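For reference, the structure is listed below as structure tokens.
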Amino acid sequence: MRNLIIILGVLISTLTAAQENCGYPASLIQSGFEDGEQPAFVALAPASTPLTLTVDFPTNALNVGSDYVQVFGAFTGPTNTGITVNGSAVATTATRFASAPIRLLPGSNTITIVASTMDGAVQTVTRTVVFDANQRPDVEFLGSAVSGFAPTRIEFSLWYRLPAAQTTLSRVEIDYDGNGVFDYDAAAPPPVLQFNYNDAGDYAPLARLSFDDGSAVTPLVVRSSSPRVLLETLATSRQTLCFVYYELKHRLQTGQSGLTSALLTMTPALRTEYQPLFAGLGANLASAGSQMGEIVDGQIADVMAEFMVAVPDPAVPGEFFGFPVHFRRSSDGVWRISEL
């Protein structure tokens, strides 16, 4: 499981329906350099947030010389809004999204970006990108990853060729976090291209290379390349997953009237399994929902997660039963319960 992260759990002694636990925010250790604590909690978008989708890049009918394009932009929506690009889920924060590089075919390519909510609302934007290999850029700057949990370390690769009539690479400037201040400035590329991102955010790292034709009269030729890096806090993912579980619980607590909406928190396969079971409970469904228990710890990866839920043992005060709940990003980019 890629980018596996452990959330250490703490079980509060008294669990009640009014007190919803979501694990314990612990230090995140991935690359060995991080020393900060993760934020304990973040504010999630309310259910009333309207669904909107804005694609910043690529612009429509864009002509490119690379055989890939990275798609990124902004959105609004209720908690657990998912974004897909050409049918594949992409990285999101609470308001931004960014894809991995999308492979292009020669000629015209159609790119479809879709925002979806857990309850089925959809917004779609389509872009056309034309790939012409004869227009390949002189500089390409790429990250080894385009998303993850902050803090993290990301490595980069830098490719370049001499533009027409230029004979020398004279300057390399790199701004890893896109803040307008170059972190590296020298006559040649650094031996190691990597950067430690301590905070979550939407980053636009920039590599700017200057080329010289050897003449003191003509100006330098400058080429640049800027990928996108989108980093999220562990707290946002943790609370989003908790939201999905507790939405299932709350919707079941309304009884049979809430069954259809409760099933939307599950993957289609799990809905098929649990719909007859929940329907068969009849008037007891609300009571069953109330007894589902509280989240105490878990593990999160980029497309899957497993949380542990504790349920009080009615026969032994102070004792609890534990059972796992598995989550997976569905094909629409929305987190849903995949095993219960």
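Everything quoted here is computed from the prediction, not taken from an experiment.
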So Tyr197 and Phe195, ring pair (Phe, Tyr, Trp, His ring centres under 6.0 Å) or not? Walk me through it. CA-CA 6 Å; Tyr197 292 90; Phe195 189 74; 4.7 Å; yes

Would you check if there is a donor-acceptor pair between the side chains of Ser290 and Ser287 at a distance under 3.5 Å? no

Does Asn86 reach the side chain of Ile102, with side-chain heavy atoms less than 4.5 Å apart? yes

Are Val244 and Val325 connected in the hydrophobic side-chain network, where two residues link if heavy atoms are under 4.5 Å apart? yes

Derivation and outcome, side chain to side chain contact (heavy atoms under 4.5 Å, CB included), residues Thr81 and Leu51: CA-CA 8 Å; Thr81 294; Leu51 184 63; 3.8 Å; yes

Is there a side-chain contact between Pro227 and Gln70 (heavy atoms, below 4.5 Å)? yes

Check: Thr59 main-chain N/O paired with Arg127 side-chain donor or acceptor under 3.5 Å: no

Asp332 and its salt bridge (Lys or Arg N to Asp or Glu O under 4.0 Å) partner, picked from Arg329, Arg328, Arg336: Arg336

Which label fits Tyr274 and Phe278: parallel for a plane angle under 30°, tilted from 30 to 60°, or perpendicular past 60°? tilted

Under 3.5 Å, side chain of Thr110 to main-chain N/O of Thr128, donor-acceptor pair present? no

If Ile, Leu, Val, Met, Phe, Trp and Tyr residues are connected whenever their side-chain heavy atoms lie under 4.5 Å apart, and connections chain through other members, are Phe72 and Leu231 in the same group? no

Do Thr76 and Leu53 have side-chain heavy atoms sitting under 4.5 Å apart? no

Closest contact, heavy atoms only, Gly333 versus Thr84: N-CG2, 3.8 Å

Nearest heavy-atom pair of Ile154 and Ser144: which atoms, and what distance? CG2-OG, 3.9 Å

With side chains defined as the heavy atoms from C-beta onward, is the minimum distance between Pro163 and Arg223 less than 4.5 Å? yes

Taking the side chain as every heavy atom from C-beta outward, state whether Ser225 and Leu142 have any pair of such atoms under 4.5 Å apart. no

Using a strict 4.0 Å threshold on nitrogen-to-oxygen distance, state whether Asp56 and Arg228 make a salt bridge. no

SB check Arg208 Asp185 (cutoff 4.0 Å): no

Can you tell me how far CD of Glu232 sits from CZ of Arg238, rounded to the nearest 0.5 angstrom? 11.5 Å

As a test of understanding, state which of Phe243, Phe327, Phe323, Tyr245 forms a ring pair (Phe, Tyr, Trp, His ring centres under 6.0 Å) with Phe307. Phe327

Taking Arg171 first and then Glu173, would you say they form a salt bridge - that is, a charged N and a carboxylate O separated by under 4.0 Å? yes

Any idea which heavy atoms bring Leu158 and Ala207 closest together, and the distance? CD1-CB, 4.0 Å

Just by modelled atom types, is the Ser116 backbone N or O under 3.5 Å from a matching donor or acceptor in the Gln123 side chain? no

Whether over 12 other heavy atoms sit under 6.0 Å from Tyr160 OH: no

Looking at Trp159, does the NZ or CZ of Arg136 lie under 6.0 angstrom from its six-membered ring centre and within 45 degrees of the ring axis? yes

Does Thr79 use its side chain to pair, donor to acceptor, with the backbone of Leu44 at less than 3.5 Å? no

I need the Glu140 CD to Arg161 CZ distance, nearest 0.5 Å. 9.0 Å

Is Met292 reachable from Tyr246 through a run of hydrophobic residues whose side-chain heavy atoms are each under 4.5 Å from the next? yes

Would Thr240 and Ser237 count as a side-chain hydrogen bond (donor to acceptor under 3.5 Å, both in side chains) here? Give the steps. CA-CA 5 Å; Thr240 298; Ser237 294; over 6 Å; no

All heavy atoms of Ser99 vs all of Val69, minimum pair found to be OG-O, 4.5 Å

pair Ser66-Pro137: side-chain heavy atoms closer than 4.5 Å: yes

Evaluate Asp213 against Thr218 for side-chain hydrogen bond (donor to acceptor under 3.5 Å, both in side chains), listing each step before the verdict. CA-CA 8 Å; Asp213 64 0; Thr218 57; 2.7 Å; yes

Any salt bridge between Glu294 and Lys249, counting N to O under 4.0 Å? yes

I need the Arg103 CZ to Asn109 CG distance, nearest 0.5 Å. 11.5 Å

Please evaluate residues Leu248 and Met266 with respect to the criterion side chain to side chain contact (heavy atoms under 4.5 Å, CB included), reporting the C-alpha separation (whole Å), side-chain torsions for both, the decisive distance (0.1 Å), and the verdict. CA-CA 8 Å; Leu248 169 63; Met266 297 179 168; 4.0 Å; yes

Distance from Ser157 atom OG to Leu193 atom CG, nearest 0.5 Å? 8.0 Å

Linking I/L/V/M/F/W/Y whenever any side-chain heavy atoms sit under 4.5 Å apart, do Leu62 and Phe97 land together? yes

Of all heavy-atom pairs between Val146 and Pro101, which one has the smallest distance, and what is that distance? CG1-CD, 4.3 Å

OG1 of Thr265 to CD1 of Ile337: how many Å apart, nearest 0.5 Å? 4.5 Å

Are any side-chain N or O atoms of Thr260 and backbone N or O atoms of Ser257, one a donor and one an acceptor, separated by less than 3.5 Å? no

Side-chain heavy-atom pair Ser224, Leu206 within 4.5 angstrom cut-off: yes

Do Tyr203 and Phe75 share a hydrophobic cluster, counting only Ile, Leu, Val, Met, Phe, Trp and Tyr and linking them when any side-chain heavy atoms are less than 4.5 Å apart? no

Is the shortest side-chain heavy-atom distance between Phe156 and Pro205 below 4.5 Å? yes

Distance (rounded to the nearest 0.5 Å) between Leu241 CG and Asn80 CG: 8.0 Å

Should Thr267 and Ser330 be marked as a side chain to side chain contact (heavy atoms under 4.5 Å, CB included) after you check the CA-CA gap, both sets of side-chain angles, and the distance that decides it? CA-CA 7 Å; Thr267 60; Ser330 298; 4.2 Å; yes

Please walk me through it: do Val64 and Leu104 pass side chain to side chain contact (heavy atoms under 4.5 Å, CB included)? CA-CA 10 Å; Val64 300; Leu104 300 175; 3.6 Å; yes

For Tyr176 and Phe141, take the angle between the two ring planes, folded into 0 to 90°, and tell me which bin it lands in: parallel under 30, tilted 30 to 60, perpendicular over 60. tilted

Could you tell me whether the side chain of Asp313 and the main chain of Phe320 form a donor-acceptor pair under 3.5 Å? no

Of the non-hydrogen atoms in Leu162 and Leu169, which two are nearest, and what is the gap between them? CD2-N, 4.0 Å

For the side chain of Thr167 and the backbone of Asp212, is there at least one donor-acceptor N/O pair under 3.5 Å apart? yes

Counting N and O atoms only, with roles assigned by atom type, does the side chain of Ser215 sit under 3.5 Å from a partner on the main chain of Val217, one being a donor and the other an acceptor? yes

